[in-house]
Amino acid sequence: MLVDPFGRHVTYLRVSVTDRCDLRCTYCMAEDMTFLPKRDLLTLEELDRLCTAFVQRGVKKLRITGGEPLVRRNVMQLFRALGRHLDSGALEELTLTTNANRLALFADELADIGVRRVNVSLDSLRPDRFRTITRTGDLDKVLGGIMAAKRAGLHVKINTVALAGQNEDELADIVRWAHGEGFDVTFIETMPMGEVEEDRTAHYLPLSVLRERLDAVWTLSDLPLRTGGPARYVRAEETGGRIGFITPLTHNFCEGCNRVRLTCTGTLYMCLGQEDAADLRAVIRATESDDALHAALDDAIARKPKGHDFIIDRGAPRFSVARHMSVTGG
Ligand code: SAM
Ligand code: SF4
């Protein structure tokens, strides 16, 4: 098992399979992002080898993310390979986070492999605004992807970054639409990760404020449900649907942290908000045997920090960690 110095069991691995994306959300990426050279990326086989080592060490949940995971060439090969751990029972859940731009192409195959749930990021239901926030996105295409996932039997959760002055006036509409379709919604505060053109502080909307606003629309009851993640959930009694709040800035969620993150170059980050990392690519390329890899995992988990120290404030640096969310894997 992988247990850190604070007694937290690492049972959840998030894997960014590419830093590239077919959208350019303004809070996530710079317009002219420089992406990693392809030669630096782990192959799909190497990603499988690393994920498999984590599964052997007690990881029960794997989330494939990015960048946009569905733009990685032949990514379904990786899903298929990892699906064997679902079949054996070693892995409880294989899932992904996607912008749904290409989800219509893959929804049926994902369901066939054993994926049961998918998180889809959607920050607006208004076509013009959706294009502005994503810089390039076509809302109809994304909604098509979401509906394809629903038809394939996947449980869809909508993730929405709450942005002051950008989408704050339609967040209740997003809940209404999502709950009408049978989807849960989770709101996220914008996090200071990586340099982008815009000033994130200007668009930072504390979710405590959003919760009060939604409370005026529906009767919200707290749910005890904890997924091991940073979200706190409420039920809107009138719709029966769930609303989650991820509040890295107003609420520190680190004490129950069960996760680590692997980038597409094989760098393992033990915390989303800290710079310390372990280079697992060098380890797996040095030897075919997994002994050194397991030793490297022990060494890395022994360095998992207690928590992050994100600050978003006027006067604070524009970003707390230099890497973008698309590199670490959101
Ligand atoms: N491309 C996929 C997507 O958008 O769902 C997966 C990767 S994306 C980096 C994962 C999540 O991170 C998305 O929900 C996105 O909104 C969120 N995200 C990206 N940059 C962020 C930031 N600076 N603060 C908060 N959330 C961010
Ligand atoms: Fe791409 Fe996701 Fe970042 Fe948007 S949030 S630019 S979809 S990686």
Side-chain angles (χ1 to χ4, degrees), residues 14-33 35-36 63-72 75 95-103 106 117-124 130-139 141-142 145-146 149 156-164 166-167 171 174 184-207 229-231 244-250 253 259 261-264 269 272-273 308 310-312 317-330:
R14 298 169 75 107
V15 185
S16 174
V17 295
T18 174
D19 65 329
R20 290 164 197 255
C21 186
D22 44 2
L23 300 182
R24 290 283 182 282
C25 302
T26 50
Y27 54 78
C28 176
M29 290 197 180
E31 191 155 19
D32 61 341
M33 281 292 277
F35 294 109
L36 294 161
R63 177 176 298 278
I64 306 300
T65 179
E68 173 47 42
L70 297 182
V71 304
R72 171 89 196 235
V75 72
T95 183
L96 72 155
T97 302
T98 173
N99 61 28
N101 223 7
R102 292 166 62 83
L103 191 53
F106 299 117
R117 301 195 301 146
V118 56
N119 285 6
V120 175
S121 306
L122 180 72
D123 299 326
S124 179
F130 183 78
R131 180 166 294 260
T132 304
I133 295 176
T134 58
R135 289 198 184 99
T136 55
D138 173 356
L139 180 64
K141 196 169 170 212
V142 165
I146 294 173
V156 176
K157 182 161 76 77
I158 302 295
N159 283 342
T160 302
V161 180
L163 298 161
Q166 281 186 313
N167 66 1
L171 299 177
I174 292 176
D184 292 334
V185 190
T186 295
F187 292 106
I188 310 172
E189 287 172 345
T190 174
M191 292 178 231
M193 298 189 64
E195 178 80 270
V196 293
E197 287 86 354
E198 69 168 29
D199 175 7
R200 289 196 186 89
T201 316
H203 299 300
Y204 170 56
L205 179 69
L207 294 188
F245 297 93
I246 299 186
T247 55
L249 299 153
T250 53
F253 52 61
R259 62 198 57 197
R261 293 172 160 87
L262 183 67
T263 72
C264 54
Y269 285 99
L272 180 64
H308 68 70
F310 285 139
I311 303 170
I312 195 158
R318 278 161 60 86
F319 49 91
S320 300
V321 288
R323 62 187 187 276
H324 292 83
M325 186 76 112
S326 51
V327 173
T328 322

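In what follows, residues are counted from 1 in the order of the sequence shown. Both counts, for ligands and for their atoms, begin at 1 and track the order of listing.
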Chemist: By number and element, which atoms of ligand 1 are closer than 4.0 Å to a non-hydrogen atom of Asn99?
Modeler: 2 (C), 3 (C), 5 (O)
Chemist: Short N/O distance, under 3.5 Å, between Pro69 and ligand 1?
Modeler: no
Chemist: Please report the shortest heavy-atom distance between Leu207 and Ala162, naming the atom on each side.
Modeler: CD2-CB, 3.7 Å
Chemist: Pick one of side chain, backbone, both or neither for how Thr65 approaches ligand 1, counting any non-hydrogen atom pair under 4.0 Å.
Modeler: side chain
Chemist: Does either side chain, that of Glu68 or that of Thr18, offer a donor lying less than 3.5 Å from an acceptor on the other one?
Modeler: no
Chemist: Give the atoms of ligand 2, by number and element, whose distance to some non-hydrogen atom of Gly67 is under 4.0 Å.
Modeler: 8 (S)
Chemist: I need the atoms of ligand 1 closer than 4.0 Å to a non-hydrogen atom of Tyr27, numbered in the order shown.
Modeler: 15 (C), 16 (O), 18 (N), 19 (C), 20 (N), 21 (C), 23 (N), 27 (C)
Chemist: Enter the distance from Leu70:CG to Asn101:CG here, rounded to the nearest 0.5 Å.
Modeler: 9.5 Å
Chemist: Phe187 and side-chain contact (heavy atoms from CB on, under 4.5 Å): which partner among Val161, Asn159, Leu171, Ile158?
Modeler: Leu171
Chemist: If the cut-off is 4.0 Å to any non-hydrogen atom of Cys28, which atoms of ligand 1 fall inside it?
Modeler: 19 (C), 20 (N)
Chemist: What part of Thr98 sits under 4.0 Å from ligand 1 if we count only heavy atoms: the side chain, the backbone, both or neither?
Modeler: backbone
Chemist: With respect to atom 1 (Fe) of ligand 2, please indicate if Cys21 possesses an N, O or S atom at a distance under 2.8 Å.
Modeler: yes
Chemist: Applying side chain to side chain contact (heavy atoms under 4.5 Å, CB included), name anything that partners Asp138, two or more places apart in sequence or on another chain.
Modeler: Arg131, Asp140, Lys141
Chemist: For Ser124 and Leu139, which heavy atoms make the closest approach, and how far apart are they?
Modeler: O-CD1, 3.5 Å
Chemist: Which ligand 1 atoms, with their elements, are less than 4.0 angstrom from a heavy-atom of Glu68?
Modeler: 1 (N), 2 (C)
Chemist: With atoms numbered from 1 as shown, which atoms in ligand 2 lie under 4.0 angstrom from a non-hydrogen atom of Asn99?
Modeler: 7 (S)
Chemist: Return yes when at least one N/O/S atom of Cys28 is nearer than 2.8 Å to atom 4 (Fe) of ligand 2, and no when none is.
Modeler: no
Chemist: If you compare all heavy atoms of Arg20 against all heavy atoms of Leu36, which two are closest, and at what distance to 0.1 Å?
Modeler: NH2-O, 2.8 Å
Chemist: Looking only at heavy atoms, which two atoms of Val17 and Ile64 are closest? And how far apart?
Modeler: CG1-CG2, 3.7 Å
Chemist: For ligand 1, which is the ligand I care about here, please tell me if Asp123 has any N or O atom under 3.5 Å from one of the ligand's N or O atoms.
Modeler: no
Chemist: If you compare all heavy atoms of Glu189 against all heavy atoms of Leu205, which two are closest, and at what distance to 0.1 Å?
Modeler: CG-O, 3.8 Å
Chemist: Roughly how far, to the nearest 0.5 Å, is the CG atom of Leu262 from the OG1 atom of Thr65?
Modeler: 12.0 Å
Chemist: Which of the atoms of ligand 1 are close to Gly67, meaning less than 4.0 Å from one of its heavy atoms?
Modeler: 1 (N), 2 (C), 6 (C), 7 (C)
Chemist: Is there a polar contact, in the sense of an N or O pair closer than 3.5 Å, between Ser121 and ligand 1?
Modeler: yes
Chemist: Less than 4.0 Å is my threshold; does some heavy atom of Met29 fall inside it relative to ligand 1?
Modeler: no
